[in-house]
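Report on one structure; see the data block that follows.
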There are 4 protein chains.
Amino acid sequence: MPRHQNTKEKILESALKLFSEKGIRETTIKDIAKDVGITEGAIYRHFVSKDQIVSTLFSTYAERLYEELISVVEEKTLIENRFFKLVKTFLNFCFDNPQAFKFINLFHYLRAEEVKNFQNLPKDALMKFMDEGFKKGIIKVRRELALAMVVGTLERTFLLVEGGIIEREAGLEEELAEVLWKAITYQ
Amino acid sequence: MPRHQNTKEKILESALKLFSEKGIRETTIKDIAKDVGITEGAIYRHFVSKDQIVSTLFSTYAERLYEELISVVEEKTLIENRFFKLVKTFLNFCFDNPQAFKFINLFHYLRAEEVKNFQNLPKDALMKFMDEGFKKGIIKVRRELALAMVVGTLERTFLLVEGGIIEREAGLEEELAEVLWKAITYQ
Amino acid sequence: MPRHQNTKEKILESALKLFSEKGIRETTIKDIAKDVGITEGAIYRHFVSKDQIVSTLFSTYAERLYEELISVVEEKTLIENRFFKLVKTFLNFCFDNPQAFKFINLFHYLRAEEVKNFQNLPKDALMKFMDEGFKKGIIKVRRELALAMVVGTLERTFLLVEGGIIEREAGLEEELAEVLWKAITYQ
Amino acid sequence: MPRHQNTKEKILESALKLFSEKGIRETTIKDIAKDVGITEGAIYRHFVSKDQIVSTLFSTYAERLYEELISVVEEKTLIENRFFKLVKTFLNFCFDNPQAFKFINLFHYLRAEEVKNFQNLPKDALMKFMDEGFKKGIIKVRRELALAMVVGTLERTFLLVEGGIIEREAGLEEELAEVLWKAITYQ
DNA sequence: CATGAATGAGTCTTCATTCAT
DNA sequence: GATGAATGAAGACTCATTCAT
């Protein structure tokens with residue numbers, strides 16, 4: 001009868017892994033419990049419901065990505081430098097937390113309405129950046145399209161890397177950042 | 001949009017609607033039957049299982065989009081013209097069949113492994129195009145990144161339109177096509 | 001695989017029996033299903049929840065007793081005759097539906113608050129009678145106490161018969177009616 | 001009403017309150033522990049099981065009421081006086097320990113069989129009294145019915161007071177005692 | 001004595017699927 | 001082809017009880 005010190009963390013970890021691999025509904029509490037190495041009932045000492053686990057994961061990781069992005073956006077450096085750093089930060093987050101990133105996307109698909117209840121979403125940070133660039137006349141494409149382009153490209157790149165179609169090699173971030181920067185700032 | 005030809009079609013139509021709105025697992029056979037206006041048992045006259053409905057929907061729509069794209073790719077016209085037409089075709093498909101497009105994406109998230117069993121996926125058509133453009137030296141960005149950029153941008157644009165963040169106005173397709181074309185062909 | 005014509009009735013019957021014998025919470029859906037001869041899932045084709053079974057039983061029997069009592073109360077006969085008939089009706093109901101009567105009492109103990117949502121409760125019929133008798137000056141004890149006396153005595157008599165302490169012999173109703181009538185109409 | 005002497009007493013107090021308010025099965029060990037201000041495990045330092053708490057409460061209060069009643073029954077005073085005192089004692093117990101009285105009744109409904117294992121139940125004291133009165137020719141109604149009448153009336157009066165239908169005013173006991181005494185001793 | 005995490009056996013409920021009609 | 005009652009295998013959640021600390 002093991003007594004873990006950090007069961008709550010382990011539950012979140014296992015849940016994230018399973019949710020991102022199989023889907024939320026298709027992952028059972030039993031699956032999670034088994035992965036953690038405890039019994040189903042024990043889960044409920046740490047979370048009141050499966051849904052709370054789901055919400056906790058979403059808000060945790062969505063906010064974490066937002067924080068990382070917004071701190072770059074708010075740096076007092078040249079906008080172009082910040083853009084390059086932003087792309088790097090975004091992709092690093094994806095590759096460092098592939099399960100979290102997939103889960104965030106899945107959550108958006110399955111709980112579109114619920115997403116609106118959360119604040120500080122990653123796209124808010126990026127939108128702020130596009131806003132600034134557009135107002136300063138540096139970004140030429142209107143900010144919504146610039147957002148779609150940057151987020152869409154980075155997200156799809158990540159998925160293609162995951163799918164084995166793109167190889168993750170050094171310099172990928174710079175390559176993408178450069179292409180994207182030109183794309184949104186062309187004269 | 002076909003109108004209630006026969007029961008089998010109606011089932012697929014209702015299922016697609018519900019799957020895209022609520023998710024696959026969260027839509028029951030009863031939900032579908034009720035939406036069609038028949039009873040649960042009747043569904044099984046037309047499909048051997050819920051899973052068959054899911055697979056049928058995926059292959060139908062993934063293939064339909066592929067067909068539309070490949071027919072443009074294989075046209076004997078100037079590559080730039082084909083690119084503009086490709087963007088238009090892709091976005092038209094999304095906006096004409098938003099449920100189908102959302103469902104295809106959802107399927108990719110929940111059944112990543114299964115997707116590999118299908119042939120003629122939309123990305124294959126686009127990949128073929130990028131391949132040609134890259135070999136001809138017109139597309140400068142390597143084809144995988146060009147694919148990520150185009151697909152990602154278009155997909156994300158659709159989602160932002162759905163989310164009410166981008167407005168769908170006339171000229172949107174041209175605007176995007178232009179930006180994307182420049183982005184992947186910059187010298 | 002038997003197909004019953006009146007499964008819903010059988011469920012109510014089995015549930016009433018088990019609830020009155022063991023209590024509501026201590027009777028499981030499985031117990032009921034087993035008693036009916038079906039599986040647990042089948043219960044839910046007829047009732048949306050266990051609670052609906054409970055409520056249905058309460059309202060059915062509470063109302064049935066009320067109907068029987070009120071029809072006597074509203075007869076156009078001598079008040080004393082009506083009283084005798086009322087006692088007989090009440091006891092007959094108890095002895096004919098001992099499970100229902102026990103269940104009604106149990107429900108009162110466990111769901112006191114919920115009882116207030118129901119209309120046409122047995123006590124309302126009796127209260128109406130006491131009211132009339134008191135206003136006419138025939139019943140001397142104030143109506144609330146008369147109600148307590150009559151209901152309390154009859155209920156307790158039933159329970160003592162059930163417990164084997166009182167024997168249910170012919171004339172019991174008249175004996176009780178006589179004593180109670182004297183008790184509430186003494187000069 | 002004793003005030004928090006020791007943990008064991010506090011547990012019994014909280015359990016009695018919760019059982020009478022919500023029911024036995026619907027009150028959890030955690031509920032009790034929280035009400036006492038300790039944790040679940042601590043309960044088991046004082047009682048081997050939830051059931052032991054239940055039994056302890058029943059025997060404690062059933063016996064307490066029995067003791068109070070029997071001591072009146074066995075007084076060497078005029079039978080009529082003792083009857084009046086008996087009614088007062090019974091009602092006082094109800095009003096002073098409403099939770100205990102409700103719990104005793106609930107226990108009777110849910111554990112009818114088990115009740116037979118207990119000795120010195122309240123009704124035994126009253127039965128002894130009725131027996132004496134009947135043998136002496138003072139009580140004219142046979143003792144079982146007299147018991148049903150007295151217990152039923154008092155119990156129902158208590159419940160109607162609890163339900164807000166009868167007001168508990170000074171003299172209520174005498175009023176009831178008088179009516180009941182006449183009822184069981186009429187010529 | 002007390003804590004509270006964990007167990008494990010339920011309990012209610014859901015739902016894809018079957019099948020008698 | 002259609003119906004809808006029934007099955008049966010989960011699934012989420014509960015809770016009395018145990019036990020390491």
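Note on naming: letters A, B, ... go to the chains in the order of the sequence lines (proteins, then strands), and numbering restarts at 1 for each one. What you are looking at is a predicted structure, and each value in this text was computed from that prediction instead of being measured.
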Quiz item: Glu113(C): what forms a side-chain hydrogen bond (donor to acceptor under 3.5 Å, both in side chains) with it, not counting sequence neighbours?
Solution: Lys116(C)
Quiz prompt | Nucleotide dC19(F), atom P - distance to CD1 of Ile43(D) in whole Å | solution = 18 Å
Quiz item: Heavy-atom distance under 4.5 Å between the side chains of Leu106(C) and Phe19(C), does that happen here?
Solution: no
Quiz item: Just how far, in rounded Å, is P of dT18(F) from CD1 of Ile38(A)?
Solution: 21 Å
Quiz item: Looking at Phe103(C) and Val54(C), what are the two nearest heavy atoms and their distance?
Solution: CZ-O, 3.6 Å
Exercise. Check whether any side-chain heavy atom of Thr7(C) sits under 4.5 Å from a side-chain heavy atom of Ile43(C), and report yes or no.
Key: no
Self-check item: Main-chain N/O of Ile24(B) paired with Lys50(B) side-chain donor or acceptor, under 3.5 Å
Solution: yes
Quiz prompt | DNA chain F: 5'-proximal contact among Thr39(C) and Arg45(A) (nearest heavy atom) | solution = Thr39(C)
Quiz prompt | Rounded interatomic separation in angstrom, taking CD from Glu9(C) and C1' from dA5(F) | solution = 16 Å
Quiz item: Which residues within residues 48-58 of chain C lie with some heavy atom under 4.0 Å of an atom in DNA chain F?
Solution: none
Quiz prompt | Separation of dA5(E) P from Asn6(A) CG (nearest whole Å) | solution = 12 Å
Quiz item: So do the side chains of Leu121(A) and Tyr66(A) get within less than 4.5 Å of each other, counting heavy atoms only?
Solution: no
Quiz item: Of the nucleotides dG8(F), dT17(E), dC13(F), which one has an atom closest to the side chain of Glu40(A)?
Solution: dC13(F)
Quiz prompt | Nucleic acid contacts - residues 22-31 of chain A versus DNA chain E, non-hydrogen atoms under 4.0 Å | solution = Arg25(A)
Quiz item: Taking atom P of dA2(F) as reference, at what distance in whole Å does atom NZ of Lys34(B) sit?
Solution: 19 Å
Quiz item: Do Arg45(A) and Glu40(D) sit within salt-bridge range, that is, some charged N less than 4.0 Å from a carboxylate O?
Solution: yes
Quiz item: Reading DNA chain F 5' to 3', how would its secondary structure be written in dot-bracket notation, given Watson-Crick and G-U pairs with both distances under 3.5 Å, brackets [ ] for crossing pairs and | for partners on other strands?
Solution: .||||||||||||||||||||
Quiz item: Sequence neighbours excluded, which residues qualify as side-chain hydrogen bond (donor to acceptor under 3.5 Å, both in side chains) partners of Glu13(A)?
Solution: none
Self-check item: Selection from dG8(E), dA2(E), dA5(E) that lies nearest to any side-chain heavy atom of His46(A)
Solution: dA5(E)
Practice problem: Grab the NZ-P distance between Lys8(D) and dA2(E) for me, whole Å please. | Solution: 12 Å
Quiz item: Does dA2(F) have OP1 or OP2 sitting under 4.0 Å from an N or O in the side chain of Thr7(B)?
Solution: yes
Quiz item: Is the backbone N or O of Val48(A) less than 3.5 Å from a side-chain atom of Gln52(A), with the two atoms forming a donor-acceptor pair by type?
Solution: yes
Quiz prompt | Sequence neighbours excluded - side chain to side chain donor-acceptor pair (under 3.5 Å) pairs with any residue from residues 23-39 of chain C | solution = Ser14(C)-Asp35(C), Lys17(C)-Asp35(C), Lys22(C)-Asp31(C), Arg25(C)-Glu26(D), Thr28(C)-Asp31(C)
Exercise. For Asn97(B) and Tyr61(B), run side-chain hydrogen bond (donor to acceptor under 3.5 Å, both in side chains): C-alpha distance rounded to whole Å, both residues' side-chain angles, the deciding distance at 0.1 Å, then the answer.
Key: CA-CA 9 Å; Asn97(B) 312 280; Tyr61(B) 288 101; 5.6 Å; no
Quiz item: Between dA5(F), dA2(F), dT7(E), which one does the side chain of Ala42(A) approach most closely?
Solution: dT7(E)
Quiz item: So which nucleotide from dT17(F), dA5(E), dA12(F) ends up closest to the side chain of Tyr44(D)?
Solution: dT17(F)
Quiz item: Between atom CZ in Phe47(A) and atom P in dT14(F), what is the gap in whole Å?
Solution: 15 Å
Quiz prompt | Side-chain ion pair, Glu21(C) and Lys102(C), N-O less than 4.0 Å | solution = no
